[in-house]
Amino acid sequence: MQRASRLQRELALLAAEPPPGITCWHRGQRLHELRAQILGGADTPYEKGIFDLEIIVPERYPFEPPKIRFLTPIYHPNIDSAGRICLDVLQLPPKGAWRPSLNISTLLSSIRLLMAEPNPDDPLMADISAEYKSNRQQFLLRAREWTEKHAGQ
């Protein structure tokens, strides 16, 4: 019951005051299944891309973080080919930084920030991370190509 009322409040706030470049909504009749879209930030290789995400809210939310993954393929050192995201706020302590005071809006904003500022020292994709560190121009070119191919409007 706590999950349902909190989710309704969070989604109402997301609809009324969405973070820049982010939208989020229910998927069908299931309150715990959400979809989100993140617009690639200006001056990033993801600019003009629209990235779809799936959010599954666990029964124990807010004491457990939602499971979030990209549905749109993205070329990024911290996001793997299955769309899983390496970000500390998506994990429970001691390895992660999830706290019940965080919310879906904060998570989506953190993911958008990660898109703009990858963390190559904590990668899910070692080859992309190595390219990001050693050949930034090649990384940027590939990330733009993937964005045009998979996230273009």
Side-chain angles (χ1 to χ4, degrees), residues 6-28 31-58 61-62 65-92 95-153:
R6 172 143 171 189
L7 271 176
Q8 287 174 332
R9 283 194 314 272
E10 285 190 35
L11 287 170
L13 186 61
L14 270 164
E17 300 173 30
I22 295 171
T23 54
C24 185
W25 64 94
H26 285 109
R27 181 175 179 258
L31 183 63
H32 67 281
E33 290 184 18
L34 308 175
R35 287 288 189 266
Q37 282 188 332
I38 295 180
L39 302 179
D43 301 321
T44 74
Y46 311 109
E47 186 172 14
K48 297 183 181 165
I50 298 175
F51 297 87
D52 292 315
L53 292 89
E54 172 186 73
I55 305 168
I56 305 295
V57 183
Y61 182 79
K67 305 281 185 253
I68 303 178
R69 71 180 186 96
F70 275 79
L71 298 174
T72 304
I74 182 171
Y75 193 80
H76 194 285
N78 307 107
I79 303 162
D80 72 10
S81 57
R84 293 177 302 220
I85 305 162
C86 183
L87 185 62
D88 61 351
V89 293
L90 294 175
Q91 303 294 322
L92 285 167
K95 291 183 179 179
W98 171 257
R99 298 181 315 275
S101 59
L102 296 174
N103 59 37
I104 292 168
S105 177
T106 306
L107 294 178
L108 292 172
S109 295
S110 296
I111 291 167
R112 189 165 193 249
L113 182 62
L114 180 70
M115 289 170 67
E117 298 175 18
N119 179 1
D121 296 324
D122 189 19
L124 273 180
M125 303 296 285
D127 53 336
I128 298 175
S129 177
E131 182 180 76
Y132 181 87
K133 288 178 173 182
S134 66
N135 189 346
R136 184 74 52 93
Q137 290 306 317
Q138 181 64 35
F139 164 81
L140 292 171
L141 180 67
R142 285 196 184 158
R144 280 188 199 101
E145 286 172 355
W146 276 52
T147 299
E148 287 175 21
K149 181 178 179 182
H150 301 289
Q153 292 131 32

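In this text the structure is predicted, and so the values were computed from the model without any measurement.
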*When you look at F51 and I74, which way does the side-chain contact (heavy atoms from CB on, under 4.5 Å) test go after all the steps?*
CA-CA 8 Å; F51 297 87; I74 182 171; 3.9 Å; yes

*Check against side-chain contact (heavy atoms from CB on, under 4.5 Å), L107 and L90*: CA-CA 8 Å; L107 294 178; L90 294 175; 4.0 Å; yes

*What do the steps show when you test Y46 against R112 for side-chain contact (heavy atoms from CB on, under 4.5 Å), and what is the final call?*
CA-CA 10 Å; Y46 311 109; R112 189 165 193 249; over 6 Å; no

_Could you go through Q91 and W98, starting from their C-alpha distance and side-chain angles, then the distance that decides it, and tell me whether this counts as side-chain contact (heavy atoms from CB on, under 4.5 Å)?_
CA-CA 6 Å; Q91 303 294 322; W98 171 257; over 6 Å; no

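For T106, the side chain to side chain donor-acceptor pair (under 3.5 Å) criterion is met by N103, not counting sequence neighbours. In this structure, the side chain to side chain contact (heavy atoms under 4.5 Å, CB included) partners of A97, at least two apart in sequence or on a different chain, are D88, V89. Applying the salt bridge (Lys or Arg N to Asp or Glu O under 4.0 Å) test to R9 and every residue at least two apart in sequence or in another chain returns nothing. With sequence neighbours excluded, the residues satisfying side chain to side chain contact (heavy atoms under 4.5 Å, CB included) with P19 are L14, I22, S105, S109. Scored by the salt bridge (Lys or Arg N to Asp or Glu O under 4.0 Å) test, D121 finds K133 as partners (sequence neighbours excluded). Every residue meeting the side chain to side chain contact (heavy atoms under 4.5 Å, CB included) condition with R35, not counting sequence neighbours, appears here in chain and number order: W25, R27, E54, L71. Residues that satisfy the side chain to side chain donor-acceptor pair (under 3.5 Å) test with Q37, not counting sequence neighbours, are D52. Every side chain to side chain contact (heavy atoms under 4.5 Å, CB included) that Q137 has, sequence neighbours left out, goes to N135, L140. By the side chain to side chain donor-acceptor pair (under 3.5 Å) test, R84 pairs with D80, sequence neighbours left out.
Heavy-atom minimum distance, C24 versus I55: SG-CD1, 4.0 Å. Across all non-hydrogen atoms, the minimal contact from A15 to P18 is O-CD, 3.7 Å. Of all the heavy atoms in I85 and L114, the pair that sits closest is CG2-CD2, 3.9 Å.
To the nearest 0.5 angstrom, D43 atom CG is 6.0 Å from E47 atom CD. Interatomic distance, OG of S129 versus CG of N78, reported as 7.5 Å (0.5 Å rounding). From I111, atom CD1 reaches atom CD1 of I79 across 7.5 Å, with rounding to the nearest 0.5 Å. Annotation: the span from T147 atom OG1 to H76 atom NE2 amounts to 10.0 Å, rounded to 0.5 Å. Distance check, rounded to the nearest 0.5 Å: CG of L11 to CG of L31 gives 7.0 Å. Atom OG1 in T72 sits 7.0 Å away from atom CG in L53 (nearest 0.5 Å).
Identified under the salt bridge (charged side-chain N to carboxylate O under 4.0 Å, His left out) test for residues 136-152, with sequence neighbours left out: E131-R142. Sequence neighbours left out, not one pair with a member in residues 101-122 passes ring pair (Phe, Tyr, Trp, His ring centres under 6.0 Å). Residue pairs meeting the ring pair (Phe, Tyr, Trp, His ring centres under 6.0 Å) criterion with at least one partner in residues 110-144, sequence neighbours excluded, are Y75-F139, Y132-F139.
Looking only at side-chain heavy atoms (C-beta outward), L34 and L7 come within less than 4.5 Å of each other. With contacts defined as side-chain heavy-atom distances shorter than 4.5 Å, the pair K67/P58 does not qualify. Side-chain contact between P66 and I104 is present, with heavy atoms from C-beta onward closer than 4.5 Å. Counting heavy atoms from C-beta on, the side chains of P65 and L92 come closer than 4.5 Å.
A donor-acceptor pair under 3.5 Å is absent between the side-chain atoms of H26 and the main chain of H32, judged by distance alone.
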